[in-house]
Amino acid sequence: MTTKCYDVVIIGGGPVGMALVIALQKCGLSTLLLEARGLPEEDEDPRPLALSHGSRLILERLNVWNKLSAPTPISTIHISNQGSLGRTMITTEDAGVPSLGYVVNYHNLFNTMYTIVQEVRADYIAGAKVTSLETCIEHGQVDFEYENKNKQVTAKLLVLADGGRLTAQIKDIDYVVHEYEQWAIVANITTEMPQSGIAYERFTPDGPVAMLPSGDHFALVWTVSPDIAQTVIAMDESVFLTKLHDHFGDRLGKFIKAGKRTGFPLSLKYATPNTSQRIALVGNAAQTLHPVAGQGFNLGLRDAWELANVILASSDMATAIGTPAMLSRFRKKRQIDSHAGRIFTDSLVKFFSNDNILLRNASGMGLCALDNIPPLKRFVARRMIFGARG
Ligand SMILES: Cc1cc2nc3c(=O)[nH]c(=O)nc-3n(C[C@H](O)[C@H](O)[C@H](O)COP(=O)(O)OP(=O)(O)OC[C@H]3O[C@@H](n4cnc5c(N)ncnc54)[C@H](O)[C@@H]3O)c2cc1C
């Protein structure tokens, strides 16, 4: 078996892995992206992604933004708490940005990035499933299956952007895992009142429910307990719409139509540390968050962006790449942002998703306080948009 050697091999061509390979083009390094799935048409992922304004700025620099088909801008975020009086609205003026975020579809983002990866002529192999990896001081080695054959490559740096599926093979990286015992049901919803740029996040004892503006309808992310998830997915459409309306309330009038429903089990999972010998973790491989407040991809994109910056900032890239010094710089750069993202989303879920009357009153008061203290609102809004650095 002939083994080709690269500077960087990225395992996992989801949006984060593709962002990294695009960011590393034109720097003269040899890169290879290995993706287990086939071509994008074969796999459709319906989840909506709320991209922050900070992510827009990164995607603009990667030349991805201008090719995305019609992201829907979010002008206001409306946050409420079922069964208590507190509610708050965060607007573009509060945050000092032209838009609080933009809603795109995962599949749409995936396809756009895939086209760009082809255009920049990055080495990309679709249908390449990595089966094992190991490293020594000088390099990392990857074995993968492609067209029923076993292949092997080596690189000075291996980047895991595979959502965390292969991390168990790295002996000095552990995952901290917390199962939320919740599923997210996603579907497109047509409502009586048209969407007007407002994203609704409603907290309930069962978990949050979000209605995000998306084109001329809403993209629903509804958290339910695992034992009813399949029932909710299989429900007759009119029963589903009635249950959703009862749960969400009447802010948008009647719920008229629901598109295809899909469910995702939810957990918090993060790697400690996020690097190992000749290995860096990015995106969901580094941290998988609850979708409340739409932070996961935004954080993962910043992982990819910072890793590219750390690589490109080295005066002697080809020698420095994958060294302990380079990996330590990356680890330090991502520590605070990743930690803050995890704490923020996890606290939102735990604080708001419970039926303890005292906590529910406290969370209602918290929303009132947020609504009435503009500097606090600006602080929260900017951290949601730009990460820990605000
Ligand atoms: C319901 C829901 C709603 C969400 N909403 C938002 C939101 O509004 N905003 C936001 O920022 N985030 C959101 N997220 C989180 C977001 O979807 C993820 O953070 C993001 O998709 C992570 O991207 P990734 O590229 O790291 O991983 P993934 O998207 O999981 O991609 C990993 C890739 O690696 C490939 N792979 C896996 N194993 C191998 C292997 N052995 N060999 C080769 N390739 C492999 C997979 O095929 C896949 O393509 C949401 C998540 C869910 C579930």
Side-chain angles (χ1 to χ4, degrees), residues 9-21 32-40 42-43 45-52 54-56 58-59 71-72 74 77 101-107 109-110 113-114 124-133 142-146 151 158-169 180 182-187 199 201 207-210 212 214 219-224 229 261-269 281-304 341 345 384-385 387:
V9 168
I10 301 159
I11 301 164
V16 172
M18 286 195 279
L20 179 61
V21 85
L32 170 68
L33 178 60
L34 297 170
E35 165 55 40
R37 291 190 255 183
L39 298 176
E42 290 164 21
D43 197 80
D45 190 319
R47 82 187 86 163
L49 292 180
L51 304 182
S52 68
S55 290
R56 173 185 174 154
I58 295 178
L59 293 174
T72 308
I74 300 173
I77 302 175
Y102 305 84
V103 180
V104 299
N105 177 272
Y106 179 98
H107 187 63
L109 178 69
F110 188 97
M113 286 184 149
Y114 175 80
Y124 174 104
I125 310 181
K129 184 167 188 236
V130 173
T131 49
S132 70
L133 50 98
V142 172
D143 291 281
F144 63 98
E145 289 166 2
Y146 177 64
K151 308 242 171 193
L158 305 181
V159 181
L160 261 70
D162 66 334
R165 290 151 185 100
L166 289 161
T167 315
Q169 296 189 19
Y180 284 113
Q182 293 177 350
W183 275 54
I185 310 293
V186 305
E201 183 89 63
V209 51
L212 307 173
S214 175
L220 167 73
V221 183
W222 181 7
T223 340
V224 300
R261 282 159 259 163
T262 309
F264 297 83
L266 302 179
S267 58
L268 167 69
K269 190 180 82 178
L281 271 54
V282 292
N284 272 22
Q287 65 274 307
T288 302
L289 309 182
H290 193 289
V292 66
Q295 297 288 303
F297 172 67
N298 293 300
L299 195 53
L301 185 62
R302 295 197 290 274
D303 287 342
T345 53
M384 282 174 75
I385 292 167

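For the numbers below, each heavy atom of this structure counts, side chains included, while hydrogens, waters and symmetry mates do not. Treat the numbers as computed from the prediction; the structure is a model and nothing was measured. Indexing begins at 1, ligand by ligand and atom by atom, following the structure's order.
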For ligand 1, is there an atom lying under 4.0 Å from some heavy atom of A161?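 Distance cut 4.0 Å: A161 passes for ligand 1.
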
With a 4.0 Å cut-off on heavy atoms, does A128 reach ligand 1?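 For ligand 1, residue contact (heavy atoms, under 4.0 Å) with A128 is present.
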
Starting from [atom], what is the nearest protein heavy atom, named by residue and atom, and what distance separates them?
atom                    : result
atom 20 (C) of ligand 1 : N284 OD1, 3.9 Å
atom 5 (N) of ligand 1  : P48 O, 3.2 Å
atom 7 (C) of ligand 1  : A50 N, 3.3 Å
atom 13 (C) of ligand 1 : L49 CD2, 3.4 Å
atom 31 (O) of ligand 1 : G14 CA, 3.5 Å
atom 30 (O) of ligand 1 : R165 NH1, 4.0 Å
atom 3 (C) of ligand 1  : P291 CB, 3.6 Å

Examine [X] against ligand 1 and note whether any of their N/O atoms are separated by less than 3.5 Å.
X    : value
A184 : no
K129 : no
V130 : yes

For Q287, which residues count as a side chain to side chain contact (heavy atoms under 4.5 Å, CB included) partner, sequence neighbours excluded? Y270, L289, L299, D303, S338, R342

Tell me every residue that passes side chain to side chain contact (heavy atoms under 4.5 Å, CB included) with R165, counting only those two or more places apart in sequence or in another chain.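 Result, side chain to side chain contact (heavy atoms under 4.5 Å, CB included) vs R165: D162.
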
Any atoms of ligand 1 less than 4.0 Å from a non-hydrogen atom of [X]? List them with their elements.
X    : value
V16  : 23 (O), 24 (P), 25 (O), 26 (O)
F264 : 1 (C), 53 (C)
G283 : 26 (O)
G296 : 10 (C), 11 (O), 12 (N), 19 (O)
V186 : 1 (C)
L34  : 43 (C), 44 (N)
G12  : 34 (O), 35 (C), 44 (N)

Can a cation-pi geometry be assigned to R37 and F110, taking NZ or CZ under 6.0 Å from the six-membered ring centre and within 45° of the ring axis?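 Yes, a cation-pi geometry holds between R37 and F110.
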
Are [X] and [Y] close enough that some pair of their side-chain heavy atoms sits under 4.5 Å apart?
X    : Y    : answer
V16  : N284 : no
I125 : F144 : yes
L59  : L301 : yes

Considering all heavy atoms, the nearest [X]-[Y] contact:
X    : Y    : result
L212 : A50  : CD1-CB, 4.5 Å
V221 : P291 : CG1-CG, 4.4 Å
F297 : P15  : CE1-CB, 3.4 Å
L51  : S55  : CB-CB, 4.3 Å
P71  : Y102 : CB-CB, 3.9 Å

I'd like to know if the side chain of T131 pairs up with that of D143 as donor and acceptor (distance under 3.5 Å, no hydrogens or angles considered).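 Short answer, no.
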
Please state which part of [X] comes within less than 4.0 Å of ligand 1, counting heavy atoms only: side chain, backbone, both or neither.
X    : result
F297 : both
L212 : neither
A36  : both
Y106 : side chain

Is the distance between the ring centroids of Y114 and Y124 under 6.0 Å? yes

Just verifying a value: how many Å separate L160 CG and I11 CD1, rounded to the nearest 0.5 Å? 4.5 Å

Closest heavy-atom approach to atom 48 (C) of ligand 1 among R47, Q287, E35 is made by E35

